[in-house]
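I have placed the structure first, in the form of C-alpha cells, so that the comments after it can refer back to it.
These numbers come from the heavy atoms of this one structure, side chains and all, not from hydrogens, waters or symmetry mates. As the structure lists them, so they are numbered: ligands from 1, and atoms in each ligand from 1.
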Amino acid sequence: MKITKVDVSVTSEPKRHPVRDAIQWLDRDGQVRVQIHTDAGVTGASSTYFGREQSSPMILATLIEQQLTPALIGDDPVLIRGIRAKLRRLTDYQGTAGLSTIGISAIDQALWDLQGKALGVPVWQLLGAQRMTIPTYAMVGWLELDVAGLERVSARAMEQGFRGVKVKVGGGPLSEDLQRVAAVRRVIGDDADLMVDANQAFDYAEALRRGRAYDDLGCRWLEEPLPADDTLGHIRLAEKLDLQIATGENRYGQQAFRDLIAGGGVGVVQPDLRRAGGVTDCHEIGLLAAGFNVSYASHGGGAHIHVLAALPNTIYVESGLLPDNSPITLTDGCYPLPDQPGLSGWND
Ligand SMILES: [Mg+2]
C-alpha cells in the first residue's frame with residue numbers, strides 16, 4: 001500500500017460561547033482536517049482543533065500541505081514510526097516542537113485511522129486494550145461563570161453521571177478560588193472528584209501557597225500550577241505538596257516528558273493528542289509514565305480514548321458536559337469504547 005494524496009481543509013469561526021481560563025479567552029472554533037489517500041482505496045482522516053487565534057488553522061494547513069505532504073507521497077502508511085522519524089528530521093531546522101509537532105500529530109492520527117480502517121478494527125484493538133470503558137470527569141468550571149453558574153454546571157455534570165468535575169482557578173485572588181471551589185464541593189458532595197486547573201498562571205511561591213489551600217479543600221489534583229516547561233519547578237513543588245500535580249498538555253513530543261516523569265515532577269501526566277505528537281507519542285508517554293507509577297489522564301477526549309484504553313495507568317478521559325442529543329450515556333461514570341473501525345471518538 002502506498003500513500004497517493006493528502007487533502008487538507010480548514011474551518012475557522014468565532015465560538016458562540018467563549019470561555020475563559022487564568023491566562024486566556026478561548027473564543028474560536030478552528031479545525032484542520034487531513035485526509036490521507038492510498039492506492040488501495042483506503043483513506044485515513046484526522047481533525048485538529050484550535051480554540052483561539054484565527055490564523056493558526058491556516059498556518060498549520062500550509063505547513064502540512066507544503067512541507068509534510070511531499071515527504072509522504074509514495075510511502076507505505078503502515079510505517080507509522082518511520083514516517084514520524086522522517087517528519088521530525090524534516091522539521092528539525094525550524095524547530096520540531098510547536099506547530100511542526102501538531103502537523104506531525106495530524107498525520108500520525110490519520111495514519112492510525114487508516115490502519116484501523118484497512119484492518120476493519122478500532123485503533124484501541126491495534127494498541128492492545130486493557131479495558132472496555134474509561135472513567136470520565138467533566139471540565140465545567142470556566143472562569144467567566146459566576147458562582148451560581150458554577151453550581152448549575154456542576155450539578156448538571158453529576159446528573160449526567162460524571163465521576164467528578166474540574167474548575168479553573170488562578171483568575172483572581174486565592175479567596176475567590178476558595179469560594180468557588182467550596183461552592184462546587186457542596187454541589188457534588190464529598191465523594192466526587194474535584195480537580196483544579198491553573199493553566200500555568202502561578203510562580204513557584206504562589207503555586208505552593210495555593211496548592212496547600214486547594215489540598216485543604218480535598219481536591220484530587222492541581223493542574224498546570226507552573227509554566228509548562230519548568231521541569232525543575234514541578235519537581236520541587238511536588239516535593240513540598242501532598243496534593244498531586246497534573247501537567248503535560250503543553251509539552252511537545254515524548255522526550256519532553258522524560259525528565260519531568262523520572263524526576264517525580266508529575267503525579268498525573270496529561271498529554272494532549274495534538275501537541276504531544278498523536279497516538280504514537282501519547283502511547284509512548286503513557287508507557288513511560290507507567291514505568292514510574294505515574295497516572296495518565298488525557299487532555300481532552302475524542303480520539304484519545306483509544307490510547308486510554310490501551311494503557312495500564314489510565315485514570316480519566318477529560319470531557320465537557322454531554323450535549324442534549326448525545327448518542328451515548330455514561331455507565332458507572334465511564335465512556336464506552338467506540339466500535340467503528342479507525343480512530344473515531346465520542347466527544348471530539
Ligand atoms: Mg488544563
Please list, chain by chain and in numerical order, all residues satisfying ring-ring contact (aromatic ring centres under 6.0 Å, His included) with Trp112, sequence neighbours excluded.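 If we apply the ring-ring contact (aromatic ring centres under 6.0 Å, His included) test to Trp112, skipping adjacent residues, there are no hits.
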Which pairs count as ring pair (Phe, Tyr, Trp, His ring centres under 6.0 Å) when at least one residue sits in residues 137-187, sequence neighbours excluded? Tyr137-Trp221, Tyr137-Tyr316
Going by side chain to side chain donor-acceptor pair (under 3.5 Å), name the pairs with one or both residues in residues 35-44, residues two or more places apart or in two chains.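 As it turns out, the side chain to side chain donor-acceptor pair (under 3.5 Å) pairs with a partner in residues 35-44, which skip direct neighbours, are Asp7-His37.
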Salt-bridge contact Glu159-Arg156 (side-chain N to carboxylate O under 4.0 Å):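 Between Arg156 and Glu159 there is a salt bridge, with a charged N closer than 4.0 Å to a carboxylate O.
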Protein N/O/S atoms closer than 2.8 Å to the Mg ion (ligand 1): Asp197 OD2, Glu223 OE2, Glu249 OE1
Between Ser46 and Arg33, do the side chains contain an N or O donor and an N or O acceptor separated by less than 3.5 Å? no
Main-chain N/O of Gly286 paired to Asn313 side chain as donor or acceptor, under 3.5 Å: yes
